[in-house]
Amino acid sequence: MPRKAAAGRAPLRIATWNINSVRLRLPLLKDLVAALEPDVLCLQETKCPDELFPHEGVAALGFGHRLVRGMKGYNGVAILSKRPILLREDDPDWCGKGDCRHLGVSLDAPGGPIELHNFYIPAGGDIPDREKNPKFGHKLDFVAEGTAWSAARPARRAIMVGDLNIAPLEHDVWSHKQLLDVVSHTPIEVEALTAWQRGGEWHDALRHFVPADQKLYTWWSYRARDWRAADRGRRLDHVWVSQDLVGGLTRHAVLKDARGWTQASDHVPVMVEIAA
DNA sequence: ATGGTCGTAAGACGA
């Protein structure tokens, strides 16, 4: 994809992908880079302790700057960058669990530092009731913490991305009606995520490009016999930008092809280009 | 049809 400067600033490409094991799917990163050419790539569900992170393979793709926050078996996030990144030391330990679901950095962008946050919000289990299912409670608590965190500090030159595990709009799911009781699209989750977005004055960068009445998915279940034919997707992966960056948005991509790759993740990479 | 399939890591558990 050719790059074109906008608003007098060089375009910056930020991508996000729930990779579902960085060690297993390391070879696929090469295809992602060829397709999207991201300057910064945020990963979720790396499922990799920091001492085992495949730094060499990632560096070979041009990501000279890397910050990882992983653990054994579950969760894990990473930010891979072609530009310098600096860890934000003062960010919260979400729900006090130390479970590697967030990484915040200061990114050296063409027009000055940008605050970049990479999130992996809890999936929330199967039953949408916090009394019967503590995992659902954890998810709601996490989103509530995020809401308070954003509201306390207005976002300037800020981007947040990641697997938020909530599909907020009617056309972010294949059937609004059939998913109203399914974790990821219940009204309580949708309201909670919308409150975070509203209170933090975040702008939904993907819906900036794709009208709300058009279907848009970033995840298709492994359990479908034929994910493409059924097309029962959900938009669980998001890019939000602060209002002062909205005017710089130049393009986006949802790499649906990646769902058909050999040994695919159930999520596909999402990219936003922004003059920043 | 209340299933189905993944990854981790070695039997469940989380998604």
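Proteins come first, then strands; the chains are lettered A, B, ... in the order of their sequence lines, and each starts at number 1.
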Open item on the list: Parallel, tilted or perpendicular: which one describes the rings of His208(A) and His203(A), with boundaries at 30° and 60°?
Closed with: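 Correct class here is perpendicular.
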TODO: On the 0 to 90° scale, with breaks at 30° and 60°, tag the Trp149(A)-Phe119(A) ring pair as parallel, tilted or perpendicular.
DONE: perpendicular
Task: C1' spacing across the pair dT8(B) / dG3(B), given as an integer number of angstrom - done: 23 Å
- [ ] Rounded to whole angstrom, note down the P distance from dA9(B) over to dG4(B).
- [x] 25 Å
Open item on the list: Tell me which pairs pass ring pair (Phe, Tyr, Trp, His ring centres under 6.0 Å) where either residue lies in residues 62-90 of chain A, with sequence neighbours left out.
Closed with: none
- [ ] Sorted by first residue and then second, give each side-chain hydrogen bond (donor to acceptor under 3.5 Å, both in side chains) pair with at least one member in residues 26-36 of chain A; sequence neighbours left out.
- [x] none
Task: Sidechain N-carboxylate O distance under 4.0 Å for Asp99(A), Arg101(A) - done: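 Judged by the 4.0 Å cut-off on N to carboxylate O distance, Asp99(A) and Arg101(A) do form a salt bridge.
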Task: Sequence-aligned protein contact record of nucleotides 5-15 of chain B, with B where the base is within under 4.0 Å of a protein heavy atom and S where only the sugar-phosphate is - done: BSSSS----SB
